[in-house]
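Note that this is a predicted model, so its numbers are computed, not measured. Here is the naming used below: chain letters follow the sequence lines, and residue numbers restart at 1 for every chain. When reading the values below, keep in mind they use all heavy atoms of this one structure, side chains included, and skip hydrogens, waters and symmetry mates.
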Amino acid sequence: MSVPAPAGEYDAVELEERGMARWREEKVFSRSIELRQGGERFIFLEGPPTANGKPGIHHVVARSFKDLVCRWKTMQGCYVARKGGWDTHGLPVEIEVQKRLDLKSNEDIIEFGMAEFNQECRTSVWTYEDAWRKMTERMAFWVDLDNPYITLHNEYIESCWWAIQQMFDKGLLYRGHKVLPYCPQTGTSYSSHEVALGYKEVEEPSVYIKCKLEGEGSERFAGASILAWTTTPWTLPGNVGLAVGKEVTYLRIKVSEEASDSWDGRGGAEVGEELILAKDLFKEVIRHQCEVLEEFPGSELIGMAYTPLFPDAVERGDSETAWTVVNADWVTTSDGTGVVHTAVMYGEDDYELGMEVGFPAQHTVDIGGRFIASTHPLLDGRYVKDCDDDIIDFLADENLLYREKMYVHDYPHCWRTGHPLLYYAMDSWFVRMTAVKDRLLEFNDQVEWAPDWVGEGRFGEWLRNVKDWAISRERFWGTPLPVWRDEQGGMKCIGSISELQAEVAKAVAAGFDNPECPDDVDLHRPVVDDFTLVNAEGKAMKREPFVMDCWFDSGCAFFAQWHHPFSGETDLENNFPIDYICEGVDQTRGWFYTLLAVSTAVFDSICYKRCLSLGLILDAEGKKMSKSKNNVIDPWDHFNREGADSTRWYMMVAGAPWNPMKFDPNGVRETYGKMFLTLWNVYRFHADYAALDKFDGEDAESGPPVAERSPLDRWILSRMHSVAISYHDQFASWDFHKAGRDLEDFVVNDLSNWYVRRSRRRLWDENESGDKRSCQATLHEVLITVCRLMAPVAPFMVDEIHLNLCGESVHLADWPIAADVLGPDGSATEEQPGLPPLDAALEARMALVRLLAENGRRIRVDAKRRQRLPCLEGWIVGGPDLSKFHDLLGEELNVEKISTENDLDRFQKIELQPNHKALGKKCRGDLPMVLNALDLIEDAEIALDDIREGRMVLAGYHIEVGDIEIRRVERIGYAAQTFEVGDEVKVDVSLVLDMSLDSALLSKGLARDIIRRIQQKRKDLDLLIEATIDLDVWLPLGCPELVEVDWAWVKAETRAEPATLHVGAPDEGEAGESEDSEVESFTVDTDTIYFSVQ
RNA sequence: GGGCGGGUAGCUUAGGUUGGUUGGAGCACCCGGCUGAUAACCGGGAGGUCGCAAGUUCAAAUCUUGCCUCGCCCA
């Protein structure tokens, strides 16, 4: 038994808060999962947020899409566990703490105390945890935040260590160099994020240097100098090669005259000296009169040797390519000379190129930013940025300088000290992703990406160019790299706490001092740094002083959340690979990549099967939301106004999930007003009457069988069926936005604006009637289905409705589309047994009825016939039989009698229209001529006969029936509209209205006008629907007569008892005895009518 | 500089793969109608060089190329 309670007003915030409390008390979330125990598992992995920043609206978007899929799958019967997670390590945390404690450098941190610093980080990570929890609950993201995985936990770190060891053992982990922006003052290398904080525009000397070609292999250009350009003279001692583009065109030129007097700065060239540079840059660079000796592609320069600028700075070692010209595809002629000076240790491209071609990789600058002893006597031991001038002098003296030029550019500076950053090759650890590239690509092919172009394009492209992953950071707060190294370079990688304990014990036995290493040893720095291990020779091993890239942490989430392989043996088995992940598209090279990278390197497996990549959230003006622009939208603005339902629904409907979303606060408002208020009022209409009538929708006896209900009922039920199926199918193909728009259209247009509007009077009936119960049963069934369809997206309101109508939470209910009739791709292929019967013909017919109703109103407007004045007759010409709906149409259009008329020609003639597609194929270039000829045809009837009998030739082309389309248009003088209906077979349907007028019609029209005014008055007076009134109406002389039946109708409709009809205008004082009644008037056509209501 | 995606009415957008009749909606605006129908509804109007240019074609918002512009990622 579940008779609904009346609905009351819609107060989104109050309703949702009530819902939250109910879910909490009744443990609806956990019950919704437990209920599907034994169902197919749908594995979701939550991308862990960091709680050291405030949650914003973009987080709500991502969480909405996570939640809706999980809820949807749950309702389909899947077991969907949802473990929460927190990302707690990493740079942003450290920066935050450094700012707060004013620690400017790594040295400052060490001085402050690494342990204390990390303790600060550990606390800082949770700054906004409460804000996150509140947001999560308020937006109704169902995720288990009571048992989350947390990346700073020992168990989590231990799992990460295990994975690192796996990679180490497979030879996928190695130590190398990485060129990073580095600040010698703070001793810190910077991430791009930090670099971005400190760009400054500076003017610096740039130099064109001459590298003289000579020696073996350089015979072709012997004696000529290649011109190279750099903006960082301090890197010149480290020069070990020159890069050219093999397809770039170069010139060899000969200086033919002395430089002019206007020569600016140091450097120069002598007459007869030969120089080589890119053709495109010749004019820009060269300041001498020159003779062009030859033109050739860069490929001819490759392999040439030149004289080192600073012969003592770098040792050749066994390099065969040092100080030669090599090819690099990235060389351009946009600036410089088309020849790129390469200092392996001081540029990322330089380093990669150096590794590729085998240049010597040696530092000329130490970690403090000073030149290493033996670089050059002028420079040794000096801070590099102080040496620019001396280096230029030296080059000029040696005749190695062609020109100097001041150069203005944006250059990264340390955001803490303001010093310029140096690009510097740092010791670094890498995962050899290049070794598993094929597997990465293979696994990526198996992922179902939404949208597919992210997987194929953006991500696929990235994978095809995959580089080794630099996973170490010279930082403090993170998962420590568990590698210990001896002075000879021997290494040991630790994969668990117990292994660490064993190794520590071994070292202690070998005589090394070590702190205690208990079971709950903190796996962070500096604790782990303090352990000294021992190698096979009994020598000490110290830990490599790095922490892991925090992306590595989150990339381990799929197994580290279970503390694999140390506990929960079956957890990973049951939860891998992942069915669904969803994050912003900015995670493509972030989490999407690191998950796949870790699962490939460690498990040699696919990681996730489906990935929804969300577009960025922009503000209403299309700008990225950022704190600095102050355009971040606080989700609570909407939670506290329109509520989470409207906010979530808006997010789904606003656009395809992968498109950038311009978050428009007005859009949320619109969703609230349109979708949710409308649905609520439909529900309220039903619930209020159901409560009044003690209607129990769950009682099978309460509603007549569908087949016995009115066509209107059967229509909305069939529509419900169709909409449910397409909604489901659009979910299955990730088109959530389309699904939402369709359902919104159904609720607003089909259900509210048509079904409920057309059904209102049925429920007013105070007696029990089969028709009333049909309507109530229908509303009940439709509302239940709508609730279930909406539940994954907007979980609050529909839960309240569902609960009130059938006594059960919608989140424990089943998805209306039964899982066992789904096709292989998850789409609903068959008719759904759980849904009401489908009746396509009825839907088509009703669509036509509505079309006729809309167009009928247009006919009235065109004919200037106001709606309240009835028409005597209307005819429908052509189309399917609509006789069941004639009464309905009559009411809609205020036409006394609608009938079917078969004689089309009575109102219509035909016109011939070209079928462009068919004619275009046939006539090609002559199409305009044919169209013109068709246009000139005067009698379409005759022409049509000619065409049908194959006699029609236009502009030399034989015209067939398929080449033209026949359109029916009303004959002049009729108030009519014609339109084409049908999907495959087109049929013309016309509606014709009789515009004649007589006194009976005028009387009815008058009655309607009066009723309308009185009803408005009743509403203004806030009268109860069942309240009666005292009514006086004064009709002026000359006004159309109001016949008795129409006056009776007025009285009945307005519940007027007693009621008096007067002729003429009211006298003073005749307005009734009571003070609160007053005489009002209104005008119909030209007549002024007075009335008073008491 | 490279990769990916976007640019359609004042705003938000559909359509774009498969070229074909007059480029659809919603919000806002104007006019009219209707309402015991809700922050509602209905009819009409105004509002578009479909980013620009060239090309292919009888025909381009749609296909091709180049450019401009915005965003993301990478350099």
Under the side-chain contact (heavy atoms from CB on, under 4.5 Å) test, residues paired with A/V723 that sit two or more places apart: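 For A/V723, the residues satisfying side-chain contact (heavy atoms from CB on, under 4.5 Å) (neighbours in sequence not counted) are A/R719, A/L743, A/F746.
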
Partner residues of A/H737 under the side-chain contact (heavy atoms from CB on, under 4.5 Å) criterion, sequence neighbours left out: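 side-chain contact (heavy atoms from CB on, under 4.5 Å) check on A/H737 returns A/A656, A/P657, A/D735, A/R741.
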
What is the distance, to the nearest angstrom, from the [atom1] atom on [X] to the [atom2] atom on [N]?
X	N	atom1	atom2	value
A/K467	B/rC74	NZ	P	12 Å
A/F685	B/rU38	CZ	P	12 Å
A/E744	B/rU12	CD	P	18 Å
A/D349	B/rC74	CG	C1'	12 Å
A/E352	B/rA75	CD	C1'	10 Å
A/W680	B/rU38	CH2	C1'	13 Å
A/D742	B/rG15	CG	C1'	14 Å
A/D11	B/rU38	CG	P	19 Å

Sticking with atom [atom1], work out how far [N] lies from [M], rounded to a whole angstrom.
N	M	atom1	value
B/rG47	B/rA59	C1'	27 Å
B/rC58	B/rG51	P	25 Å
B/rU17	B/rU65	P	15 Å
B/rU49	B/rG5	P	27 Å
B/rG16	B/rG71	P	27 Å
B/rC34	B/rG23	P	32 Å
B/rC4	B/rC67	P	14 Å
B/rU64	B/rC27	P	35 Å

Checking all strands, does [X] fall into the base, sugar-phosphate, or nothing category for heavy-atom contacts under 4.0 angstrom?
X	value
A/R1008	sugar-phosphate
A/Y672	base
A/N465	nothing

Pairwise distance CH2(A/W1049) to NZ(A/K1004) - rounded to 0.5 angstrom: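 Output value for this atom pair is 9.0 Å.
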
Whether A/W462 and A/Y593 hold their rings parallel, tilted or perpendicular, with breakpoints at 30° and 60°: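 Plane angle over 60°, so perpendicular.
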
NZ/NE/NH1/NH2 to OD/OE distance under 4.0 Å, A/R850 and A/E892: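 Judged by the 4.0 Å cut-off on N to carboxylate O distance, A/R850 and A/E892 do not form a salt bridge.
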
Sidechain N-carboxylate O distance under 4.0 Å for A/K674, A/E744: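 So A/K674 does not pair with A/E744 through a salt bridge.
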
Does any non-hydrogen side-chain atom of [Y] lie less than 4.5 Å from one of [X]?
X	Y	value
A/L1001	A/C871	no
A/W449	A/N444	yes
A/E348	A/K178	yes

Trace of the side chain to side chain contact (heavy atoms under 4.5 Å, CB included) decision for A/W469 with A/T594: CA-CA 9 Å; A/W469 178 10; A/T594 59; 3.6 Å; yes

Centroid-centroid under 6.0 Å between A/F459 and A/F592 rings: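 So the answer is no for these two rings.
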
Pair pattern of RNA chain B in dot-bracket, where unpaired bases get dots and | marks partners in another strand, Watson-Crick or G-U under 3.5 angstrom: (((((((..((((......[...)))).(((((.......))))).....(((((..]....)))))))))))).

Heavy-atom closest pair, residues [X] and [Y]:
X	Y	value
A/G555	A/L595	O-CD2, 3.6 Å
A/V747	A/T678	O-CG2, 4.3 Å
A/L852	A/L893	O-CD1, 4.1 Å

What pairs of nitrogen or oxygen atoms, one from the protein and one from nucleotides 40-43 of chain B, lie under 3.5 Å apart?
residue : atom : partner : partner atom : Å
B/rC42  : O2'  : A/R857  : NH1          : 3.0
B/rG43  : OP1  : A/E854  : OE1          : 3.1
B/rG43  : O3'  : A/R858  : NE           : 3.2

Full working for ring-ring contact (aromatic ring centres under 6.0 Å, His included) between A/F663 and A/H638: CA-CA 12 Å; A/F663 190 91; A/H638 293 291; 5.5 Å; yes

OP1 or OP2 of B/rU13 under 4.0 Å from side-chain N/O of A/K738: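 So the side chain of A/K738 is outside the cut-off, no N or O lying under 4.0 Å from OP1 or OP2 of B/rU13.
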
Side chain to side chain contact (heavy atoms under 4.5 Å, CB included) partner of A/Y10, the single match among A/E800, A/R684, A/M797: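 The option that passes is A/M797.
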
Nearest-nucleotide comparison on RNA chain B, the residue closer to the 5′ end among A/A654 and A/L677: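 Going by which nucleotide is closer to the 5' end, it is A/A654.
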
Listed nucleotide nearest any side-chain atom of A/E348, set B/rA75, B/rC27, B/rG36: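 Shortest atom-to-atom distance from the side chain points to B/rA75.
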
hbond_proxy A/R741 side chain to B/rA14 base (donor-acceptor, 3.5 Å cutoff):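 Checked by distance alone, the answer is no.
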
Interface polar pairs with nucleotides 23-25 of chain B, N/O, under 3.5 angstrom:
none

Quick test: give all pairs of protein nitrogen or oxygen and nucleotides 2-8 of chain B nitrogen or oxygen below 3.5 Å, distance rounded to 0.1 Å.
none

